[in-house]
Enquirer: 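Once you've had a glance at the structure underneath, I'll fire off some questions.
Note on naming: letters A, B, ... go to the chains in the order of the sequence lines (proteins, then strands), and numbering restarts at 1 for each one. Fair warning: this is a prediction, and the values are worked out from it, not measured in the lab.
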There are 2 protein chains.
Amino acid sequence: MSFQQPISHDSSLGVAVDIVLLTVVESRLKVLLTFRDILPYENSWSLPGGFVGSNESADQAALRELKAKAGIEEVFLEQLYTFTNPQRDPRSRVVSVAYYALVSADKGHGRGGSRAAQWFDLGTDSAHSLWVNQPNDRLRLAFDHADILMTALSRIRGKLEYAPIGFQLLPYKFTLTELQQVFEAILGAAIDKRNFRAKIQRSGQIRALEEFRTGSHRPARLYTFEGPVF
Amino acid sequence: MSFQQPISHDSSLGVAVDIVLLTVVESRLKVLLTFRDILPYENSWSLPGGFVGSNESADQAALRELKAKAGIEEVFLEQLYTFTNPQRDPRSRVVSVAYYALVSADKGHGRGGSRAAQWFDLGTDSAHSLWVNQPNDRLRLAFDHADILMTALSRIRGKLEYAPIGFQLLPYKFTLTELQQVFEAILGAAIDKRNFRAKIQRSGQIRALEEFRTGSHRPARLYTFEGPVF
DNA sequence: TCAAAAGTGTTAGTCGTACACCCATGC
DNA sequence: GCATGGGTGTACGACTAACACTTTTGA
C-alpha cells in the first residue's frame, strides 16, 4: 500500500484553460475548434485554450485565449469544471480549468473561417451526445476534450431551464422564433410554439419593441432581453 | 498578432484542493475547519485541504485529505469551483480546486474533536451568509476560504431542490422529521411539515420501513433512501 | 391567390403553498 | 392526564403540456 507522503509543492503541475465556445447559426448549435498541427494529437481538432499565465486568473486566461484564437471580446463566460486526470496530457501533468462561452452569431465570426479555427455543427436533433461520443473520422478531439464538450453541453442544457443564458446567443434585438430556435438547438428537441411564447412572456425577461423584422413573409415583432427585476 | 507559443509550462503554479465538509447535527449545519499553527494566516482556521500529488487526480487528493484530516472515508464529494486569483496565496501562486463534501453525523466524527480540526456552527437561521461575511473574531478564515465556503453554501442550497443530496447527511435509516431538519438547516428557513412530507413522498426517493424510532414520545416511522427509478 | 412564417387560447393535470387538528407514547 | 413530538387533508393559484386555426406579408 502506498502511503502518500505530504506532497511537495514543486511537483509543478501545469494549469491550462480550455474553452467550449458555442454559438447558434440558423438553428444549429456550433462549437469552435482549433486545428493542431503539432504533437501530441497532431492533425486533430481541439478546444481553444492555453496555459494560465503566472500573473493572471484562469478567467483572464480564458478571455485572452478567446480573443487570440477566435477574435472575440464580448462574450458570456463561465467556469465549467476542472479536469485533473493525471494522464490527460501525455507530455506532462496539466490540469485544465474548463470554461464554456456563448456568443451571438453576429459577434461570433471575428475568426472561425481561418484554417486554424472552425465552427463545427453539433447535430440537429437530440443526437448531440451520440455525436460527441462517436465522432466521425474528421472529428476526433484531442486530449479529453470530448469529455469537456459533453460536460459543457449537459451543463448548458440544464442551466437553460432556469438561467437567462439563451439570450447570450442572440443579438440585442431578436424575434421570438429566433429565441425558440436557440432553445431547440441547445435542447435538441422541438418545443411547442404557443407554450414557449407564453412561458417567455410570463417570465418578464423580455420587452417587446415597436420594431419588426421584415422578411419575405409576415413581419415578426422584435424583442429585447431585460433581466429580471429585483 | 501574437502567435501564442505555448506559455512556458514551467510557470509552475501549485495546484491544491480545499474541501468544505458539512454535516448536520441536531438541526444545525456545521463545517469542519482546521487550525493553522504556521504562517501565513497563523492562528486562523482554514478549510481542510492540501496539494495535489503529481500522480493523483484532484478527486483523489480530496479523498486523501478528508481521510487524513477528518478521518472520513465514506463521503459524498463533488467538485465545486476552482479559485485562481493570483494573489490568493501570499507565498506563491496556487490555484485551488474546491470541493464540497457531505457526511452524516454518525460517520462524521472520526476526528473533529481534535485540537487541529473542529466543527463550527453555521448559524441556525437564514443568517448564514451574514455570518460568513462578517465572521466573529474567533473565526477569520485563512486565504479566500470564506469565499469558498459561501460558494459551497449557495451551491448546496440550490442543488438541494433538485438533487438527492439531503440524504447524504443522514444515516441509512432516518425519520421524516430528521430529513426535514436537514433541509431546514441547509436552507436556513422553516418548512411546512405537511407540504414537506407530501413532496418527499411524491418524489419516490424514499421507502417506508416497518421500523420505528422509539423515544420519549410517539414513535416515528423510519425511512430509507431509494434512488429514483430509471 | 398562394406559400410561408407569425401569432394566438383553452383545457386538464400536476405542483406549490397556506393552513389546524388528532394521535401515540413516556412520564 | 398531560406534555411532546408524530402524523394527516383540502382548497386555491400557478405552471406544464397538448392541441389547430387565423393573420399578414411578399412574390
Enquirer: What integer distance in Å separates B:F174:CZ from D:dG5:P?
Expert: 21 Å
Enquirer: Take atom CZ of B:R213 and atom P of D:dG7, then tell me their distance rounded to the nearest Å.
Expert: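 In whole Å, D:dG7 P lies 11 Å from B:R213 CZ.
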Enquirer: Check the distance between D:dG7's P and B:E178's CD and give it to me in whole angstrom.
Expert: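 Interatomic distance, CD of B:E178 to P of D:dG7: 11 Å.
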Enquirer: Measure from CD on B:Q201 to P on C:dC15 and round the result to the nearest Å.
Expert: 14 Å
Enquirer: Not counting sequence neighbours, which residues clear side-chain contact (heavy atoms from CB on, under 4.5 Å) with A:P219? List them please.
Expert: A:F212
Enquirer: Which residue in the set B:L169, B:V24, B:I191 passes side chain to side chain contact (heavy atoms under 4.5 Å, CB included) when paired with B:F183?
Expert: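 Exactly one pass, corresponding to B:I191.
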Enquirer: If the threshold is 4.0 Å, N to carboxylate O, is there a salt bridge linking A:D192 and A:R197?
Expert: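 Here A:D192 does not pair with A:R197 in a salt bridge, since their nearest N and O are not under 4.0 Å apart.
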Enquirer: Centre-to-centre under 6.0 Å for B:Y41 and B:F143, is that the case here?
Expert: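 Yes - the distance between ring centres of B:Y41 and B:F143 falls below the 6.0 Å cut-off.
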Enquirer: In whole angstroms, how far is the C1' atom of D:dG6 from the CG atom of B:L176?
Expert: 10 Å
Enquirer: Report yes if at least one side-chain N or O of B:K199 is closer than 4.0 Å to OP1 or OP2 of C:dC15; otherwise report no.
Expert: no
Enquirer: Starting at atom CZ of A:F196, determine the distance to atom P of C:dG7, rounded to an integer number of angstrom.
Expert: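 Roughly 13 Å, once rounded to whole Å.
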Enquirer: Return no unless some side-chain N or O of B:T177 is found under 4.0 Å from OP1 or OP2 of D:dG6.
Expert: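 Answer yes for this pair, as a side-chain N or O of B:T177 is under 4.0 Å from OP1 or OP2.
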Enquirer: May I ask you to decide if B:L209's main-chain N or O and B:R221's side chain share a donor-acceptor pair within less than 3.5 Å?
Expert: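 Yes, the answer is positive, given that a donor and an acceptor are paired below the 3.5 Å cut-off.
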Enquirer: Let me know which of B:L66, B:T34, B:V31, B:L63 forms a side chain to side chain contact (heavy atoms under 4.5 Å, CB included) with B:I19.
Expert: B:L66
Enquirer: Please determine whether a side-chain nitrogen of the Lys or Arg among B:K107 and B:E73 lies less than 4.0 Å from a carboxylate oxygen of the Asp or Glu.
Expert: no
Enquirer: Can you measure A:Q180 atom CD to D:dA17 atom P for me and round it to whole angstrom units?
Expert: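 Those two atoms, CD and P, are 14 Å apart.
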Enquirer: Counting any heavy atom closer than 4.0 Å, what does B:R197 reach on the DNA or RNA strands: base, sugar-phosphate only, or nothing?
Expert: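 The residue B:R197 makes base contact.
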Enquirer: How long is the line joining CZ of A:F183 and C1' of D:dA17, in whole Å?
Expert: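 Checked: the CZ to C1' distance equals 17 Å.
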Enquirer: How does protein reach along nucleotides 18-27 of chain D, written 5' to 3' as B (base within reach of a heavy atom under 4.0 Å), S (only sugar-phosphate), or - (no contact)?
Expert: BBB--BBBS-
Enquirer: Within the 4.0 Å heavy-atom criterion, would you say A:R221 contacts the bases, only the backbone, or no part of the nucleic acid?
Expert: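 Sugar-phosphate, no base atom in range.
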Enquirer: Return whichever of B:A198 or A:F212 has its heavy-atom-nearest nucleotide of DNA chain C closer to the 5' end.
Expert: A:F212
